[in-house]
Structure formats: structure tokens, C-alpha cells
Amino acid sequence: MKYREYKSPDYPAFAKEVLSYWEENHVFEQSISNREGKPTFTFYEGPPSANGVPGIHHVMARTVKDIFCRYKTQKGFQVKRKGGWDTHGLPVELQVEKELGITKEDIGKKITVEEYNRKCREAVMKFKDIWDDLTRKMGYWVDLENPYITFQPKYIESLWHLLQQLYKKDLLYKGYTIQPYSPAAGTGLSSHELNQPGTYKDIRDTSVTAQFKVVKNEKSALLFNGEEDLYIVAWTTTPWTLPGNCALAVGKKIEYVKVKTFNQYDFKPISVILAKERVNAYFNQKASELKLEDYEPGQKLIPFEIGESYTGEQLFDVSYQQLLPYVQPEGKAFVVIPGDFVTTEDGTGIVHTASLFGADDFRVCKENDISAITVKDDNGFDVPVVNKQGKFVDEIVDFAGRYVREEYYDNETRSNPDFKSTDVLIAIKLKEESKAFKVEKYEHSYPHCWRTDKPILYYPLDSWFIRTTAMKDKLVALNKTINWKPVSTGTGRFGNWLENLVDWNLSRSRFWGTPLPIWVTDDRQEEKCIGSIAELQDEIKKSIAAGFMDKSPFEGMEEIDLHRPYVDDVILVSDSGKKMMREPDLIDVWFDSGAMPYAQWHYPFENKEVFEESYPADYISEGVDQTRGWFFTLHAIAGMLFDSVAFKNVVSTGLVLDKSGNKMSKRLGNAVNPFETLDKFGPDATRWYMISNANPWDNLKFDLDGVLEVQRRFFGTLYNTYSFFALYANLDGFEYSEGDQIPLADRTESDRWILSRMNTLIGEVEEAYEDYEPTKATRAIQNFVIDDLSNWYVRLNRKRFWVGDFNPDKRAAYETLYSCLLTVAKLGAPVAPFYMEKLFLDLNRNVKSEKNLSVHLQNFPQTDGKSIVKDLEEQMYLAQNISSLVHSLRRKHKIKVRQPLSRIMVPILSKKTKEQIQAVEELISSEVNIKTVEYIDDASGIIKKKIKPNFSKLGKEYGPKMKAVAAAINQITADGIAELESKQSLILNIGDEEINLGLADVEITTEDIPGWTVASDNGMTVALDINLTEELKREGIAREMVNRIQNLRKDMGLEVQDKIEVQLSSKEEIVKVALEENRTYICRETQANNLTLVDKIEGGETIDINDYRVNVSIKK
RNA sequence: GCGCUUGUAGCUCAGGUGGUUAGAGCGCUACACUGAUAAUGUAGAGGUCCCAGGUUCAAGUCCUGGCAAGCGCACCA
């Protein structure tokens, strides 16, 4: 059977063909089942959400995933890869709401929760088919038949188990978090909702700079210098938060100053502390000349005097009097604390901090152990001084029952001319009490509720948290054992995130997601966290027995649906017999995906063994945007519950941008359609381009021209090389057999050279894959194929394939080329799975056996150390270098390569170099068409040498004197060089010091051969003899003749193997002689049976050779 | 604002531990080659290695400080 030949390569068609071949032969399935019992290599698939269509960046991410799974399979591991779908969460819900034209508030009113969740379930798999199609077409091998799906009851049951484990370890608690809250709508807003367009609007607020009176004590002593009334001033745009003030935050490194001045409302003399940079914002420069003692109360221009300055650090722990003492805190409060968020861009450089009304405030107060200002509600729970309707509580006696924001009052109330906002009333009160330093209107942008259009409050809300902070040290330590690609993402982005970990807010007030399995009594004194379906059923039975439920809401269900609303209907009974209702929250969808190592196998309810042998993952990969997402949730759950990492190696991939480096977006129309790209260029060129162009963790500027270049340059060259092989191997009937091969020793220099290169390549590529450096692997393969194999080996050895009988030398050439191609197919298979499969199968058409079903079932090639000969590689480098020099000389003198020349001369400084060149003499001769290579050694005395210091060696030795040493060496004469070479040392005088120079301290190269045309590069010099003898001229003519006959053959459309008859005629004597002399040569080259010189030719072609005219006639 | 990444030829990218002509491919120009031919070879043009300091005999490489771009996070008192 023959090797397949193609008219021209059609890569997309190749891929389609291979794809159906895989499917017919179940190659993917076999690649796993074949490795049964072998060590496992575990890969976790991060679940995509199928409610949107995939983009080109998914091809990138999945190529990276696929490469290492395929590679490890080749290395003999069993690599199971379960696909998965992320199905819960807000994006799905919002999409459904949009489709149905409803809002969250309509759920349970216009549409039942049951119906709504049914819609979500339908919507989430909307584009599954498109995703599956992409997966197949791009050659991403993952199990699509049995994926894990996060909404399935079994999956949720595993989550419940994990949550219960956390609960039992006391890592699950209900707590406060500051969230954007809309009192008008009575609900918290997610950050997603807050990022809706139009939520931020400019509003004018009453802003107050309040005076906080410093308490004189040991801590604050350094601030006082005689004065009695010393205040710290802080600015706020939300005066309603002032009754909740519990601390003042300053910047550690900010410089603060004390300013003596007068209060502008009551004209009393005061001293205030504020940031130095903010002085100009609060004090009129025109007043700077005024003196304090000249001030008259009521005067508009208020004098001021800048006093001592302090760093923020010096202010830490200074106490102040409570500004509005309605409610007393239970613990520490009213002190100055550090705040990393404090700036001097506006305000006073000191931030009023109300722990319950700002996320930053809450955080720094917690860090500094500051108590919040709270009151007890009817149930005895601590609540803020503003209630959920947005009104002050009774304890704030002056403003009790007032909305904190004027926008919450109806328009009628607000239009009353006597109406004053609470902020204004507070400002008035402060002025009256000499606590206001400055009151003014301030316009700023503030978020509004997208449903009610009213400003939001930052407000503490109940949420369930995972106490990740309790396990922070462990998570940090475990992270250090993970191999991150790139390292910086692990230490930087992820490491820093872990260092600054806050508790994980698990609660979501939504409908479509995993319900929190916690039931609580009305008085919150008793809780139950359910960990399995069976446990829930048990509890339901108890509850029915206790009379809280008539029947289970799951009764009659074919498969229990743990979603809302059914689970909300479950009322349990507490140990003391009280009624327990479920906490209405759902859990963060990120918990869903972070739990996939366990839930994908329904652990611990099923598949315990499978789970154990595939945990933790050896490898995962996702976009860098998943650092705080999936990477974190995987890590957190594993660290907290299993005391383990969830993954050992992780590649975080960069973004895919358009070719100009802009983000791709549908709106801008610069998004690349993955299906069109795969259709047009095929998956292999697309994948290879993505991987070879830049490291996966760098952003990729995706340019279709680049894909085209990869296709042309790499795949085109590889294809050409295969075609070349197939063409001649078929003519000669070559068949590869592993056993019976020409021994290495009997092969040519170039055969052994390319095999040496090939074995070096195997090592390089293996190392790169092992190191999760796919870019290095592809670049190495690419260079080998293009430079070494095609442009050098094949080009130099072409004649061996097409000339003469099928002798051992020819067989050696076939075998060599064959094994190179086969190796390339195996090395490149992880990245270009389709084309390498095609190449592999085409090469193996003659070697049919079960084990040759697919390149992906092959073992990764092993480096044959014995075949790597450094000498050979050096030799070939010399040959390439010399050839290149001769080419450039020929060009300089305008002598075609076809014209033979008698000799080149190479100056040789060492015996080894001579031997190395001698080994490749023939290659050089034929490559540059010369007769002989001559060597000129020292003895000839005509070589001009050049000496150069060896900087890295001498530098270490002589350091500061290096410049002088270098100068001295550059001045060494030819005699000096000769002395150094003969004696192995030379004494140099540097100033008044003597230096003993050894041979290793310098680099001696040849520079010139006087009287010859020479070229030098890389320390090698070559001289070319350009004298043309008559004989050489005649030989040149013969070569030209061959060239013309070949062209004519081609024009006639003859096949390579067709034999011809040639008739020639010419008037020129030199041509006749040339043809006679080289008759055999010409016949051999042109496949001519005979060649006759005649006087005249009828109907032949007239051609010009150099300056001579020849008539030719060719017959088949 | 904080963290991370990136900055080298027109474009895409290489440039272990500092070492003296800073490279490749593409593109451009010219010439050659021609039984792999939509391939190939040779040569040329093209660089303030983002900027400024510093360390060093020596900096694209190390340090400090900037600038620009990208990503992430936080916040707007």
C-alpha cells in the first residue's frame, strides 16, 4: 500500500476526516480505557455556563487544558476528564427575567417560584449544543457524555454535605456585612445590580465638617500646647451617619498639622487638626496675613496660624469625645485609628468612621477592635441606629422616626417650604452645639437603587459566612505548595488575596441556586444544618410527627428537587420541639464550582474510590479572571475541609485581545468567531498559533494573519516534507519496519546529524511539557521542522531520494526522514491533535497494527542519548556557517551557484576544527558547488589573526582594571599572538603591574587571508577561489544544460520517472565539448536514455546558456 | 488608591546566573536558486532595548523612582 499523496493540503478537511475517524474508532475512550490500572493524572474541568455562546478565548483556554491531558496520556497516565456545567446564579436569573419581562419583585407574584426556576433550568442549557460542537471541532477531549451538572439533586446533596462539615467545624456563621441596601425596596443589592448602567447619579448633599474634641490624656499630651479646645476635624457627605460615629481614621504616613483659628459660626477660638495638604481647602489664603489677636467676632475673613505637625502614626489611639452621644457603645470606641483608604484628595484627610454604614468603616473598626453603635431591637438583637425602613430609631431622640435621606419622604412632604432634611437638621444641631467646623452643599456621584430610583444606604445585613479567616494561615501555607504558571499569579494576585482574606459571604437572596440547608427557630436559639437527603427525610418525618407539616413537599416527586420553593415548604422541629424555618438564602454559586472535586462524583454518597484516586487534581487551568473565583473556591474548600490543596499545578491563562490589543466585544464588532476561524484555518493552525505565539499566561493579540502564517510556515513546511517523502517512497516502494533498519553507524553524517537533533528535540519538548511551558515546546518543534529538517536535511539530501537504485544509502535516507516525521507527529500531537494524527496515520499506512490506531494512543518518544552527538551538531553548524559565507562571496562576485568553482580555503586554528570540517566537507562542496576544501594552518604563515579579551573570565579576575587590560589586549601584535600561542602565556604590562595572560583569557580568531576574497562571521573565515578554468566553465555549461532540460521536461508535463531522449545542437565549440564531457552526468540528472549531438534540429527549442545558443529537442 | 503583569526592529516575539557587533519570524528592498515550487537561499534597510537616576571595570539584564498599557481588587468618607 502506498503513502497517501495529496494535490494540496486542506487542513480543515483533514481535521473533519480525523474527527470522524476518532469517533468511529472511539479513540478518546480508548485513550482512557487503555490506561486502566496505570497511574492517574487528574484534571478538573472548570465548568462553563452554557447560557451564553463560546468565544475564541474559550478555544485558547481549552487548548491549554487539552495539551497537558493529551501529553500525560502519551506519558502513560490514565487521564480521566469529566466535563461539567455551571448552571446556577444571577446571570441565568437576569437572562430569564429579561426574557419574561419581569423583575425580581414579580417573582412569587406574577410568576411562581416554581415556574421561575423551571424557566431558569431550561435557559441554562440553551447553548449546550453549540458548546459541545465547539468542543468537538477544536479537538478538546473531555467527557461530554457524563458531565456533572450543578443543579442536579446529587450535586446539591454533596454541597449540603460539605456545608454541614463546615458547620460542624464551626466555620459557618451568620453575621453582618455592609451591603448596598435599598430601604425603599427593602432589599440588599448585589454588586452586579449596582453596576447596572444609570445607578450612579450626581446629587447635592449637605456635607459637614465636624469637630471632634480631643480628650486630654497621656496619649494625646503631645498634641496639647497650652490650648484647651483642641479638635480633630472630619468631613462627611452623609451627616446622618454621625450618630453612628465610633472612630476617626487617619493615614499612617500623612502629615497632619494643628491650626489655631476661630469657629466661623460661634467665633470661639479653637485649635483643629487636619492634613497639611488640606489646609488650603479650609482656610482662605487672604487671611494668612491676619493676626489671631486682631480677630473680631463676626469678621468674615478668619485668621489662622499653623502650628506643630504630626504624622498619622502619632495620632493613633488618641481619644475624642463622642460627637452625638445618643447611644453608648459597649466596648472601645472614639479613638483615632489607621485607615489604609484615607487620602488627602478631599475632606480633611481624616475620615469619620461609622462602622455599620460603610464597608471600609466596618473593616477598619473590626481590625482595630472598635465597637459599633447599636441598639437592641424587640428580640434583643443588636441593630444599627437606622432601621430597615431607613429611619432613625427611637434612641436617637432628636430625630427618631425621621428618614435619614430626604429622598425617602414623599414629594408632598418635601415640597412643604418648612421641610428640612435630616442632614440639615443635624448640621443645625452641630452648629448650635459648636461642633460644626464647616457646613456646605456638596455635589457628588452616589449609587441609586435601579428599581426605586432612590439613593441606597450602605447598611449591615445578615448573611451567612464561611469563616475563611480562621483558616487563613493554612490556606496561605498550602498555596505555597502549588505550582503556579506563572509564578507571579500564585504569589502576587492569589497570594496577596489570601493574605488579605475576609470571611466568605455565602448568602444570596435569590431563587435559582443551591439552598442553604439551615433551619432556625424563630428565636434563633436553635439551628440545624442538614447534610444529606436522607437526613432531611428523617427530619421531615419527625416534623410531621410533631404536627408541623401534613406531608413532605417532596412526596410524589420522581426525583427529589432540592430547589426552592419546595425546600422552603419544609418546616422542621427543633430538639426542644419548636418550629424551625429554613434560612431563606441561597449560597454563592462559586461554592457550587469550588465543590466540583467532590460533587462531580456525588462524594461521599457514591464513588468514594474514584474520588480518592483523583484528588487532588494534578492540573487545572482557567483564565486569570478565575483567581478570586474558581481557583479560590477550590482552594478554600479543600484547605478547610480536607487539609489539602485542590490542585497541584495550575496554569492561569491570559486574555485574548483583538490584533490591536483591544478587548474583544460584540459591541465593537472586533470579536473573532471561533467557528469561522476553525472552519477557515482548521483547529490545528488555530491552536498552534495560540500556543506558539505567546505564553498562555500573557495576553494574546489574536491576529488571523498570524494563524495564516503558522499554517503556511509550519504546517505547510511539514506537509511539504511529508509529501516529498511520500512521493519518492512510493516510487521506490519503501516500507518502514522498526526491526530491520540500517544501523546508525552506516548512515551518513547528515543522517546521524538530524537524528541527533531529533533526539535533542525530544528532550527539549519533554522538558517543556513537564514544566507546563507549551510555548517553548511548540517553538522547539517548529524550529526543528522548518530549519533543521526541511531547510537543511531535506534540501541537502534531495538527490539521495531521487537518483539511482533503491540502495542501502537511499534506504537510510528514507528511514531517517521517516523517523523524524513520526517523532514530530508524536511530539506535536498534544497541540495539533488532528494534523499530527493525520501525519501519523499516513506514515503508518504500511505498518498496520492495532497499536497504530492513533498517535494519541502512542507513548511519548524517548530520547536516545547515544544518538545525541554534540560533535555532529557542531560540525553541521560549521557547515552551515561556511556555506553561508561562500554564498555571500558568490553573491558579491556575481557567480551563480550553478557554476562550479575549484576550491575554498579555510584558515584553521585547531586540529579539532579541521577534523570537524573535514567530516562535512562533502556537504559543503555540494551545497556551494565547489571542488575542494583546503585548510590553511598556522604553518602557512598567511593567516591574519585577531585577538579579543574574554571579558567574563578576565572581568572576575581584574575587576576595576578591566578597561586597561582590554585596551592592552587589543594592542597585542601578531608576534604577541604567536608568542601567546606557542608559550601558552604572555606577560602584559598594565601601568606598573604585570599580568600573565593565558590562552583561556582571550579569544583568537582568524580575520583575513591577504590577497583573497574572504568573508568572516562567528569567528570563522572563508576564502573563495573565483578563478574559472575552461574545464570549470564547461562543467558550468553542463549544469546549465541540465537545468534547462529539467525546465523543458516540466513544461512538457512529464512525470518524474519518465525517461527521455535528448537531441542537442550548438555552433559553439565549448558547448559541444562541455556536453560530450558531461554526457553521463546530464543523462543521469535528467533521466535521459541518451543524449545526441546533432548538427541541426527540426522543431526544437532554442535556449540561451550563459552567452551561448543551444537548440534542444526532447522526446519521451 | 492598592496588587499583579507587560513595555526590545513597522508587526509578533526570543534574549539562564550582568561580559563588549542585541537576535528570529513576518513584512519591505535587491539578487539568486529551481523535479518539495503557492517552496527555498543570500544580502540590505530597519533599534535612544519606555524614561530618569543608581550599583558595577561592565546593565536590555540588578536596584530605586517615574511613565504608559492591560488585568484584578477596593473605594468614593
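Scope of the values below: all heavy atoms of this structure, side chains included, with no hydrogens, waters or symmetry mates. Just so we're clear, the structure is a prediction, and the values are computed from it rather than from any experiment. First the proteins, then the strands, lettered A, B, ... as listed; each starts at 1.
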task = Look through every strand shown and name the nucleotide pairing with B:rA68 as Watson-Crick or G-U wobble, where both distances are under 3.5 Å.
result = B:rU6
inquiry  = Looking at every heavy atom in both A:V208 and A:P239, which two are closest together, and how far apart are they?
reply    = CG2-CG, 3.7 Å
query = Partner of B:rU12 by Watson-Crick or G-U wobble geometry, both contacts under 3.5 Å, or none?
reply = B:rA24
request  = Check step by step if side chain to side chain donor-acceptor pair (under 3.5 Å) holds for A:N929 and A:R1039.
outcome  = CA-CA 11 Å; A:N929 199 10; A:R1039 289 202 173 218; 3.3 Å; yes
ask   = In whole Å, what separates the C1' atom of B:rA69 from that of B:rG23?
value = 25 Å
message = Across nucleotides 66-72 of chain B, 5' to 3', mark each nucleotide with B, S or - according to how protein heavy atoms within less than 4.0 Å reach it.
response = ----SBS
inquiry  = Could you tell me how far B:rC49 sits from B:rU61 if I compare only their C1' atoms? Round to whole Å.
reply    = 10 Å
message = I'd like the C1' distance from B:rC50 over to B:rA68, given in whole Å.
response = 8 Å
request  = Would you tell me whether A:W688 and A:Q782 have side-chain atoms, one donor and one acceptor, within less than 3.5 Å of each other?
outcome  = yes
ask   = Can you tell which of B:rA14, B:rC76, B:rA36 lies closest to the side chain of A:D698?
value = B:rA14
note = Nucleotide by nucleotide, nucleotides 37-42 of chain B touches protein heavy atoms under 4.0 Å in the pattern (B base, S sugar-phosphate only, - none) --SSSB
Span that lies between the P atom of B:rC67 and that of B:rU21, in whole angstrom = 36 Å
Would you tabulate the pairs of protein nitrogen or oxygen atoms and nucleotide nitrogen or oxygen atoms of nucleotides 8-12 of chain B closer than 3.5 angstrom?
unit_1	atom_1	unit_2	atom_2	d
B:rU12	OP1	A:K701	NZ	3.1
B:rU12	O2'	A:N693	OD1	2.2
B:rU12	O2'	A:N693	ND2	3.1

query = With both distances under 3.5 angstrom, what nucleotide forms a Watson-Crick or G-U wobble pair with B:rA45?
reply = none
Interatomic distance at P, B:rC13 relative to B:rC76, whole Å = 38 Å
task = Find the distance A:Q899:CD to B:rC31:P and express it as a whole number of Å.
result = 21 Å
request  = For B:rC11 versus B:rU56, give the span between their C1' atoms, rounded off to a whole number of Å.
outcome  = 36 Å
request  = Would you tell me whether A:D361 and A:S355 have side-chain atoms, one donor and one acceptor, within less than 3.5 Å of each other?
outcome  = no
query = Whom does B:rG19 pair with, Watson-Crick or G-U wobble, provided both distances fall under 3.5 Å?
reply = B:rC57
inquiry  = Let's test this: given Watson-Crick or G-U wobble pairing with both distances under 3.5 Å, identify the partner of B:rU40.
reply    = B:rA32
message = Whether the A:Y282 and A:T209 side chains hold a donor-acceptor pair (N or O, under 3.5 Å, no angle test) is what I'd like checked.
response = yes
Complementary nucleotide for B:rC73 - Watson-Crick or wobble, under 3.5 Å = B:rG1
